[in-house]
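Right, one structure below, let's go through it.
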Amino acid sequence: MINRIRGVIFDLDGTLLYTLEDIRNSLNHALQVHGFPPLDLERVRALVGRGLRQLAIDAAGSNADPGDAEEIYDELREHYQKDPIGVSQPYDGVMPVLKELHRRGLRLGLWSNKDDSLVQVIGSGLFPGIFNAVRGRIDGSPPKPAADAGLEILRAWGMDGAEVLYVGDSEVDAQSAAACGMPFLAVSWGYRDREDLIAVGARWIIDEPEDILRLI
């Protein structure tokens, strides 16, 4: 059991929502517009987690001109913003767990490295009435794994890190939780393999969303 939990903050991509097809679609559109080869799904899976700008930089490759990467990012963001939900859907079992946590009276948050405008649209469109706090990447504020946005949520809730569980699927999420003093719960169905999660020190790894209800 993970004790003293009064709130749960979730990562979005790979944790609550399968977004890989939509991300790959927009990324490959941007890459091809600027003369770069498209990437397959597994390569995109390995690169996601640090926001769209970093995804564009990594997808362009180390030999690309910084200006090219920035243009790819602009094209990627513009294409993605046209339909941020697309074919993305919550993983099986996610919605009943969110509703049960909400019923129990826990504070629920969403913290993503996806641009804040996109996270707000996705949060309200797919998870209406569920989250007490929704936060994506905002210009001028460092993305995860920096603690800034997570600490803002904690302050707004009047809680310390030990009272809030962070649920995610990547090394970035593990580092974000540690930076905020939050216990970290890793999910095995996301964009990193179980071995990767073990390597970053994940103490708890679950295989089904409902496992959350048995841990807190």
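- Contact detail for P209 and G93: the closest heavy-atom pair is CB-O, 3.6 Å.
- Contacts of A146 classified as side chain to side chain contact (heavy atoms under 4.5 Å, CB included), with partners at least two apart in sequence or in another chain: P142, D148.
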(request) Determine, step by step, whether R53 and I57 satisfy the side chain to side chain contact (heavy atoms under 4.5 Å, CB included) criterion, reporting the C-alpha distance in whole Å, the side-chain angles of both residues, the deciding distance to 0.1 Å, and the verdict. (result) CA-CA 6 Å; R53 174 174 272 111; I57 292 170; 4.1 Å; yes

(message) Show, in sequence, the C-alpha distance, side-chain angles and deciding distance for L154 and D160, and conclude whether the side chain to side chain contact (heavy atoms under 4.5 Å, CB included) test is met.
(response) CA-CA 6 Å; L154 293 177; D160 62 43; over 6 Å; no

Please set out all donor-acceptor pairs under 3.5 angstrom arising from side-chain atoms of residues 84-92, sequence neighbours excluded.
| from | atom 1 | to | atom 2 | distance (Å) |
| --- | --- | --- | --- | --- |
| S88 | OG | Y18 | O | 3.4 |
| S88 | OG | D22 | OD2 | 2.5 |
| S88 | OG | I85 | O | 3.3 |

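- The side-chain hydrogen bond (donor to acceptor under 3.5 Å, both in side chains) check on R50 picks up nothing, with sequence neighbours excluded.
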(message) Go through it in stages, so that I can follow the logic: the residues are E171 and L197, the test is side chain to side chain contact (heavy atoms under 4.5 Å, CB included), and I'd like the CA-CA distance, side-chain angles, deciding distance and then a yes or no.
(response) CA-CA 7 Å; E171 72 285 351; L197 300 171; over 6 Å; no

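- Side chain of K144 to main chain of A149: no donor-acceptor pair is present (N/O by atom type, distance under 3.5 Å, no hydrogens or angles).
- Listed by chain and number, the residues in a side-chain hydrogen bond (donor to acceptor under 3.5 Å, both in side chains) with Q175 amount to none (sequence neighbours excluded).
- Nearest heavy atom pair, residue L110 against residue D11, reads CD1-O, 4.0 Å.
- Taking all atoms of both residues into account, the shortest heavy-atom contact from I5 to P183 is CD1-CG, 4.1 Å.
- Annotation: the span from L215 atom CG to L165 atom CG amounts to 8.0 Å, rounded to 0.5 Å.
- Within the structure, no pair that satisfies the ring-ring contact (aromatic ring centres under 6.0 Å, His included) test touches residues 194-216, not counting sequence neighbours.
- In this structure, R194 places its CZ atom where more than 12 heavy-atom neighbours from other residues, nucleotides or ligands lie under 6.0 Å away.
- A single hydrophobic cluster is seen to contain both F184 and M159, as judged by linkage of ILVMFWY side chains at heavy-atom distances under 4.5 Å, directly or through other members.
- In terms of the side chain to side chain contact (heavy atoms under 4.5 Å, CB included) criterion, A156 has no residue partners (sequence neighbours excluded).
- Both L185 and L12 are part of a single hydrophobic cluster, where members link through side-chain heavy atoms under 4.5 Å apart.
- Contact between A177 and Y166 at its shortest, heavy atoms only, is CB-CB, 3.9 Å.
- Among all heavy-atom pairs drawn from G7 and W157, the shortest one is CA-CZ3, 4.3 Å.
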(request) Decide yes or no on salt bridge (Lys or Arg N to Asp or Glu O under 4.0 Å) for R104 and E100, but give the supporting numbers first. (result) CA-CA 6 Å; R104 292 183 185 184; E100 174 61 17; 3.1 Å; yes

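- The backbone N or O of Y191 lies less than 3.5 Å from a partner atom in the side chain of D169, making a donor-acceptor pair.
- Here E163 contributes atom CD and R4 contributes atom CZ; the two are 5.0 Å apart, rounded to the nearest 0.5 Å.
- For S170, the side-chain hydrogen bond (donor to acceptor under 3.5 Å, both in side chains) partners two or more places apart in sequence, or in a different chain, are D173.
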(message) With side chain to side chain contact (heavy atoms under 4.5 Å, CB included) as the criterion, how do V167 and V8 come out once you've worked through the C-alpha distance, each side chain's angles and the decisive distance to 0.1 Å?
(response) CA-CA 7 Å; V167 183; V8 184; 3.7 Å; yes

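- Taking CD1 of I206 as the start and CG of L213 as the end, the distance is 9.0 Å to the nearest 0.5 Å.
- For the atom pair I9 CD1 and S112 OG, the distance stands at 12.5 Å (nearest 0.5 Å).
- Every pair passing salt bridge (Lys or Arg N to Asp or Glu O under 4.0 Å) that includes a residue from residues 106-115 is listed here, sequence neighbours excluded: D13-K114, R77-D115, D115-R137.
- Partners of D193 by side-chain hydrogen bond (donor to acceptor under 3.5 Å, both in side chains), not counting sequence neighbours, listed by chain and number: R45.
- Taken to the nearest 0.5 Å, the CD1 atom of I216 stands 5.0 Å off from the CG atom of L106.
- Residues satisfying the salt bridge (charged side-chain N to carboxylate O under 4.0 Å, His left out) test with D65, not counting sequence neighbours, are none.
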Run the side-chain donor-acceptor check on residues 31-43: report pairs under 3.5 Å with partners two or more places apart or on a different chain.
| from | atom 1 | to | atom 2 | distance (Å) |
| --- | --- | --- | --- | --- |
| H34 | NE2 | E71 | O | 3.4 |
| D40 | OD1 | E42 | N | 3.3 |
| D40 | OD1 | R43 | N | 2.8 |

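- Counting all heavy atoms, side chain and backbone alike, F10 lies closest to L101 at CZ-CD1, 3.9 Å.
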Taking only distance into account, with no hydrogens and no angle test, what donor-acceptor pairs under 3.5 Å do side-chain atoms of residues 117-132 form with protein atoms, sequence neighbours excluded?
| from | atom 1 | to | atom 2 | distance (Å) |
| --- | --- | --- | --- | --- |
| Q120 | NE2 | D116 | OD1 | 3.3 |
| Q120 | NE2 | V134 | O | 3.0 |
| S124 | OG | Q120 | O | 3.0 |
| S124 | OG | V121 | O | 3.2 |
| N132 | OD1 | L108 | N | 2.8 |

(request) Decide yes or no on side-chain hydrogen bond (donor to acceptor under 3.5 Å, both in side chains) for E21 and N25, but give the supporting numbers first. (result) CA-CA 6 Å; E21 297 287 353; N25 181 40; over 6 Å; no

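- Using a 4.5 Å cut-off between side-chain heavy atoms of Ile, Leu, Val, Met, Phe, Trp and Tyr, with links allowed through other members, V187 and W111 fall into different hydrophobic clusters.
- Under the 4.5 Å side-chain heavy-atom criterion for Ile, Leu, Val, Met, Phe, Trp and Tyr, L20 and V94 are members of the same hydrophobic cluster.
- Between the CD1 atom in I23 and the CG atom in L52 there is a gap of 7.0 Å [rounded to 0.5 Å].
- D74 places none of its side-chain heavy atoms less than 4.5 Å from the side chain of E78.
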